[in-house]
Structures are given as structure tokens and as C-alpha cells.
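Quick note: numbers below take in every heavy atom, side chains included, and nothing from hydrogens, waters or symmetry partners. We count ligands from 1, going down the list as the structure has it; atoms in each ligand are counted the same way. What you see is a predicted model, and the numbers here were worked out from it, not measured in a lab.
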Amino acid sequence: MATKRKPLISGNWKMHHNHFEAIQVVQKLAYLLGGEDYDAVDVSVHPPFTDIRSVQTTLFDQKKCEIALGAQNCHWEEKGAFTGEVSPAFLTKLDVAYVIVGHSERREYFFESNEIVNTKVKAVFTHGMTPIMCVGETLEEREAGTTEAKVDNQVRDGLAGVKPDQVASMVIAYEPIWAIGTGKTATSEDAQAVCAMIRAVTAEVAGADAAAAVRIQYGGSVKPANAKELMGMADIDGALVGGASLDPDEFAKIVQYRNLPD
Ligand code: 13P
């Protein structure tokens with residue numbers, strides 16, 4: 001059997017924790033995680049923009065801490081008259097390594113189309129960071145049997161014109177919208193089936209090597225109780241964790257899923 005890709009477990013804090021709270025959370029998380037964890041898993045935290053500088057300096061001060069800094073969004077342009085937006089160049093300067101792009105909340109509330117998501121994926125690469133591109137279906141789409149068509153489209157459009165070596169290095173997060181913040185998780189078999197399909201579409205778009213290398217996260221009510229089973233699936237290479245990433249004890253347990261009971 002081919003060796004599995006190194007998992008990436010990411011905490012998307014969404015609009016939670018001010019910068020004072022962020023410092024405490026990250027200090028506790030750094031205390032809870034150690035060398036064996038970083039050997040097994042890559043870890044990133046994605047605080048709100050206003051926390052990023054504080055989290056950057058806090059991480060810098062922690063000894064032997066390999067938690068990577070992430071953002072939840074960015075603009076596609078480097079600079080200009082875009083009131084309220086944040087440039088990917090500013091994020092690079094703050095040592096941000098991963099940027100979540102096209103989260104379903106941004107697609108729904110801020111009208112981000114597949115085309116905008118594609119432009120942002122490219123902008124993140126231009127500035128030397130790694131995109132975590134989110135895809136996923138609504139409950140209506142799942143019930144109507146159109147999950148595959150929706151996700152297929154999001155992957156093809158999102159990866160259009162992205163070079164195969166870039167695709168190989170990026171992350172795609174499969175987040176069924178009906179499982180986000182609801183306590184409902186896709187069964188590990190259902191999540192695996194969609195992640196395998198995402199890998200197959202990636203192979204068509206970017207070639208077999210890129211598809212074999214791309215990391216595919218599952219997101220949607222990931223908790224210590226379900227993390228181990230999800231992470232055991234062949235095409236699931238990590239988790240994008242919302243609610244459970246706000247508490248460092250819970251998030252550390254997910255990062256250390258290999259120690260959880262079966
Ligand atoms: P929850 O883990 O709170 O369901 O959120 C998932 C998510 O949207 C992560 O990006």
C-alpha cells in the first residue's frame with residue numbers, strides 16, 4: 001500500500017477569540033503538543049486577522065513549537081482600493097503559511113464564486129503560501145443526489161490554471177455544509193467516498209502525481225470522539241476543525257488522535 005500523506009490538522013477559529021484570548025489559547029496548545037505530535041502531524045491555527053500578529057509573536061516565543069500560522073481568507077490583489085480587505089502580501093510578512101480559501105461561509109455570506117476562489121488560490125501561491133481550498137455540498141444537494149456534481153465543479157473550477165506542482169503541494173478541504181457546526185458528521189465512509197472522488201477529479205485536472213500528493217482534509221463537526229475513525233480513511237489526510245479548535249484541550253486531543261481509543 002502506498003504511504004499515506006502527512007496529515008494536516010487545522011483549527012479554523014472563525015470569528016472567535018480576541019487577540020488576548022488568542023495568546024492564551026496558543027500558549028496552552030504549544031504546551032500540550034510536543035515533538036512526537038509534530039513528527040506525526042502538521043498543525044495550523046487560523047485566528048481572525050486582528051489576532052495574527054499576536055499569535056505570530058507568541059508562536060515565535062514558544063520553544064520547539066511547530067504550530068503553523070494560518071489565515072481564514074485574503075484578497076486576490078496585492079494592493080489597491082479595496083476597503084476592508086487584507087492583502088496576501090501582508091499575510092506572508094506575518095509568517096502565515098496556510099490560507100483558507102472559499103470556505104462555505106464565505107461562499108454563502110460573501111458571495112464568493114468558484115472563479116473568485118480560483119483567483120484567490122493563485123494569489124496565495126503567488127505570495128509563497130499554501131491554500132486550503134474548501135468545497136462541499138448543502139443538505140438539499142446531498143438529498144437531491146447532486147453532491148458529486150457540485151463538488152466536481154468546485155474542484156475543477158477552483159484548480160483551473162493552477163500548475164500541477166502547486167496542486168500537489170496544496171490542501172483541499174471537503175466540508176459538507178450540513179455537517180458544519182451542527183454536530184452531524186458525515187459517516188467516515190461517506191466522507192471517504194467524496195474525498196476519493198475529489199482525488200480522482202484532481203487527477204483528471206492536474207495529473208496522477210499531483211492527485212497522489214494533494215492533501216484532502218475533512219471538516220464538519222470533527223471532535224475527539226470521531227477524529228480517529230475519520231483520519232483512518234484512505235483518502236482523508238487531515239481535518240479542518242471549527243468549534244472544537246477553540247478549546248486547546250479538545251484541539252490537542254484531535255491532533256493526538258492516534259492516542260485516542262478506537
Ligand atoms: P465545525 O467543526 O464547527 O463543524 O466547523 C467546521 C468548519 O467549518 C471548519 O472550517
Which residue and atom name correspond to the protein heavy atom nearest atom 2 (O) of ligand 1, and how close is it?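 Sorting protein heavy atoms by distance from atom 2 (O) of ligand 1 puts G242 N, 2.9 Å first.
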Report yes or no: does a heavy atom of K223 sit under 4.0 Å from some atom of ligand 1?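 The answer is no, since K223 has no heavy atom less than 4.0 Å from ligand 1.
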Please confirm whether G219 comes under 4.0 Å of ligand 1, counting heavy atoms of the residue only.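 The answer is no, since G219 has no heavy atom less than 4.0 Å from ligand 1.
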D37 vs R258, test: salt bridge (charged side-chain N to carboxylate O under 4.0 Å, His left out). Steps then yes/no. CA-CA 9 Å; D37 300 315; R258 59 197 189 284; 2.8 Å; yes
Can you list the atoms of ligand 1 that are under 4.0 Å from a heavy atom of [X]?
X    : answer
L240 : 9 (C), 10 (O)
E175 : 6 (C), 7 (C), 8 (O), 9 (C), 10 (O)
G243 : 1 (P), 2 (O), 3 (O)
G181 : 1 (P), 3 (O), 4 (O)
N12  : 9 (C), 10 (O)
S221 : 1 (P), 2 (O), 4 (O)
G220 : 4 (O), 6 (C)

Using the rule side chain to side chain donor-acceptor pair (under 3.5 Å), only one of Q154, R142, K150 pairs with E137; which is it?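 Running side chain to side chain donor-acceptor pair (under 3.5 Å) over Q154, R142, K150 with E137 returns exactly one hit, R142.
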Could you tabulate the donor-acceptor pairs under 3.5 Å formed by side-chain atoms of residues 20-34, not counting sequence neighbours?
residue: E21; atom: OE1; partner: N18; partner atom: N; Å: 2.7
residue: K28; atom: NZ; partner: D249; partner atom: OD1; Å: 3.4
residue: K28; atom: NZ; partner: D249; partner atom: OD2; Å: 2.9

Is the closest basic N to carboxylate O distance between E105 and K14 below 4.0 Å?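 Salt bridge present between E105 and K14.
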Between E112 and R107, is there a salt bridge with N-O shorter than 4.0 Å?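 No, R107 and E112 are not salt-bridged.
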Remaining members of hydrophobic cluster (4.5 Å side-chain criterion), I100: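 Grouped by the 4.5 Å side-chain rule, L8, Y98, I132, V171, L240 form the rest of the cluster around I100.
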Any sub-3.5 Å donor-acceptor pair from R215's side-chain atoms to K6's backbone N or O?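 Judged by distance alone, yes, a pair lies under 3.5 Å.
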Examine distances only and state if a side-chain atom of R5 and a backbone atom of A213 form a donor-acceptor pair shorter than 3.5 Å.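 No, R5 side chain to A213 backbone: no donor-acceptor pair under 3.5 Å.
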Quick one: does ligand 1 sit under 4.0 Å from the side chain of A179, the backbone, both or neither, non-hydrogen atoms only?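 For A179, only backbone atoms sit under 4.0 Å from ligand 1.
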Is there a polar contact between ligand 1 and H103, counting only N or O atoms under 3.5 Å apart?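 For ligand 1, there is an N or O atom that lies under 3.5 Å from one belonging to H103.
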